[in-house]
Amino acid sequence: MENRTYTADATPGDTVTVAGWVHEIRDLGGIAFLILRDTTGKIQVKFEKDEMDDDLVETGLNVQRESVISVTGAVEEEPRAPTGVEVTPESVDVISEADPELPLDPSGKVDAELPTRLDNRTLDLRKDEVKAIFEIRAEVLRSVREAFRELNCTEINTPKIVATGTEGGTELFPITYFGQEAFMNQSPQLFKQLMVGSGLERVFEIGPIFRAEEHNTPRHLNEATSIDFESAFYDHTEAMDACEHVVKSAYEGVAENCQDELEALGLEEEFEAPEGDFPRLTYEEALDKINATGELDEPLVWGDDLSTEAEHVLGQEVGEHYFITDWPSEIKPFYIKDHDDDEAVSTGFDMMHPSMELVSGGQREHRFDHLVEGFEQQGLDPEAFEYYTKMFKYGMPPHAGWGLGGERLIMTMLGLENIREAVLFPRDRQRLSP
Ligand code: ATP
Ligand code: AMO
């Protein structure tokens with residue numbers, strides 16, 4: 001639109017055309033105010049009924065809330081106006097009239113349940129506190145990309161239609177692919193590993209992963225955004241260092257560039273980027289800590305995975321981001337390397353927020369014979385993975401990496417109660433559209 005001025009840029013003394021949504025109309029009798037909202041904020045438009053053309057007053061005051069309009073007029077300082085300036089209209093154009101029956105109130109005066117909000121995401125995103133989540137999400141992705149750049153990584157894109165799963169057979173979405181069995185990818189795991197043996201060596205990918213999780217929880221999605229890292233000649237400790245750098249950078253970017261958004265969410269006081277090194281506990285130390293609290297019905301023993309309850313107990317004890325290292329080999333996937341001096345213990349690690357797991361990673365098994373053995377031990381057919389394993393015969397360096405759940409990072413950063421709030425159009429068991 002030619003000559004459009006954002007409301008935030010409307011300067012007293014100028015005559016401007018502002019365009020946006022009718023946020024509110026307040027008619028006080030002789031004087032009435034229309035609050036116009038655009039992506040940069042809001043501005044008051046003043047209608048002095050006796051002094052203005054009747055048609056103009058009628059157009060401005062009879063328009064339905066949430067209609068799209070444009071207003072041309074002089075900007076003046078007005079201390080009583082919400083933003084300290086107001087527009088006295090010369091003309092008002094109704095561009096797109098809204099139905100008076102709105103399924104959701106974007107002014108936020110009437111609360112809506114999450115399903116209603118998700119069904120009407122366009123209207124929901126007109127609210128400052130909802131929009132703020134996605135502005136922050138964009139800043140997180142920008143900061144994360146910058147952090148990967150500092151680590152000399154190359155951004156890659158790997159296929160999302162794949163022939164094999166990697167993260168456990170029950171969570172795959174099957175699709176038909178020209179009569180062949182195929183799946184939506186669960187993780188770029190095998191592809192990112194193939195890159196460390198290529199000329200690229202150190203890579204990252206930000207992309208969708210698909211998991212047919214049966215259960216409905218506040219922290220699982222069926223389509224999530226995975227932030228993946230993989231580097232040649234790294235061991236698991238170097239991969240953890242990289243993970244810490246990336247997560248801290250995301251927080252720092254938000255602290256630096258999203259003050260307005262944090263304010264819209266009421267977080268301006270409490271938001272803090274994590275400082276200092278994330279503590280690194282071994283799995284054994286984690287079990288001891290959890291068992292010492294006596295809060296679980298049954299103490300955990302070596303080989304147990306950590307339940308949600310165990311994660312919460314431990315998170316409360318540690319109280320900050322932390323790593324759990326040296327997991328039992330038996331509960332980590334085939335591609336994770338075991339320690340050379342103790343095969344029962346793996347180089348796998350998880351990075352945790354006090355409330356949930358954010359990252360899994362580890363050093364990878366790069367030795368062809370051991371890799372094939374690992375497949376057999378986990379009951380997988382190495383032949384189905386030949387496209388992957390065979391590259392380990394042609395020079396594959398030691399390497400390590402990790403995957404970070406993008407929505408979980410944002411959810412924990414902002415204290416959102418449901419992971420769906422961090423996704424524009426979430427996919428879960430009930431939700432396939434919009
Ligand atoms: P008239 O102006 O014809 O007497 P009125 O009595 O409805 O009609 P005012 O008394 O001027 O209007 O104002 C009504 C209310 O609106 C008052 O509380 C006043 O403080 C407020 N008000 C007036 N002008 C502005 C403005 N430009 N911005 C914000 N609030 C305003
Ligand atoms: P993992 O399966 O632990 O590891 O996934 C890594 C991280 O991705 C996020 N995540 C999810 N977030 C929302 N909904 C889901 N259904 C979901 N599933 C996973 C979590 C989790 O910590 N290939 C390995 C990573 C690696 O070793 O590099 C992997 O996928 O935050």
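Whatever order the structure lists them in is the order used to number ligands and atoms, beginning at 1.
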Ligand 2 contacted by E407 (non-hydrogen, < 4.0 Å): no

Atom CD of residue position Q430 - does it have more than 12 heavy atoms of other residues, nucleotides or ligands inside 6.0 Å? yes

Is the Lys NZ or Arg CZ of K248 less than 6.0 Å from the centre of F278's six-membered ring, within 45° of the axis? yes

Quick one, P279 and V318 - any side-chain contact, counting heavy atoms below 4.5 Å? yes

Looking at K160 and E223, does any basic side-chain N land under 4.0 Å from a carboxylate oxygen? no

Of all protein heavy atoms, the one nearest atom 4 (O) of ligand 2 is S360 CB, 3.6 Å

Considering non-hydrogen atoms of the protein only, which is the closest contact for atom 15 (C) of ligand 2, and what is the distance? L221 O, 3.5 Å

Would you call E66-R126 a salt bridge at under 4.0 Å N-O? yes

Pair F173 and F183, ring centroids less than 6.0 Å apart: no

Between K109 and E24, does any NZ, NE, NH1 or NH2 come within less than 4.0 Å of an OD or OE carboxylate oxygen? yes

Please write down residue, atom name and distance for the protein heavy atom closest to atom 31 (O) of ligand 2. L358 O, 2.8 Å

For atom 22 (O) of ligand 2, what's the nearest protein heavy-atom neighbour? Residue, atom name and distance, please. E357 OE2, 2.5 Å

Derivation and outcome, ring-ring contact (aromatic ring centres under 6.0 Å, His included), residues Y251 and H321: CA-CA 12 Å; Y251 272 85; H321 288 90; 5.6 Å; yes

Should the pair K332-D338 be classified as a salt bridge under the 4.0 Å nitrogen-to-oxygen rule? no

Going by the closest heavy atom to atom 8 (O) of ligand 2, which one wins out of G406, G405, G361? G405

Tell me: protein heavy atom nearest atom 23 (N) of ligand 2, and distance? Q189 OE1, 2.6 Å

In ligand 2, the atoms that come under 4.0 Å of a heavy atom of H220 are 14 (N), 16 (N)

So which of R408, M352, K192 gets nearest to atom 12 (N) of ligand 2, if we judge by its closest heavy atom? R408

Lys/Arg N to Asp/Glu carboxylate O, R137 vs E407, below 4.0 Å: yes

Nearest-contact summary for atom 24 (C) of ligand 2 - protein heavy atom, Å: Y335 OH, 3.3 Å

Side chain, backbone, both or neither: V359 near ligand 2, heavy atoms under 4.0 Å: backbone

Report yes if S226 has an N/O atom closer than 3.5 Å to an N/O atom of ligand 2; otherwise report no. no

Heavy-atom contacts with W402 under 4.0 Å: which atoms of ligand 2 show up? List them by number with element. 26 (C), 28 (O)

CZ/R420 to CG/L114 distance, rounded to the nearest 0.5 angstrom? 7.5 Å

What protein heavy atom lies closest to atom 10 (N) of ligand 2? Include the residue and the distance to one decimal. I209 CD1, 4.4 Å

Counting heavy atoms only, which of K332, R211, H353 comes nearest to atom 2 (O) of ligand 2? R211

Heavy-atom contact check, 4.0 Å cutoff: does R364 meet ligand 2? yes

If you have a sec, work out which protein heavy atom is nearest atom 6 (C) of ligand 2 and how many Å separate them, to one decimal? G403 O, 3.5 Å

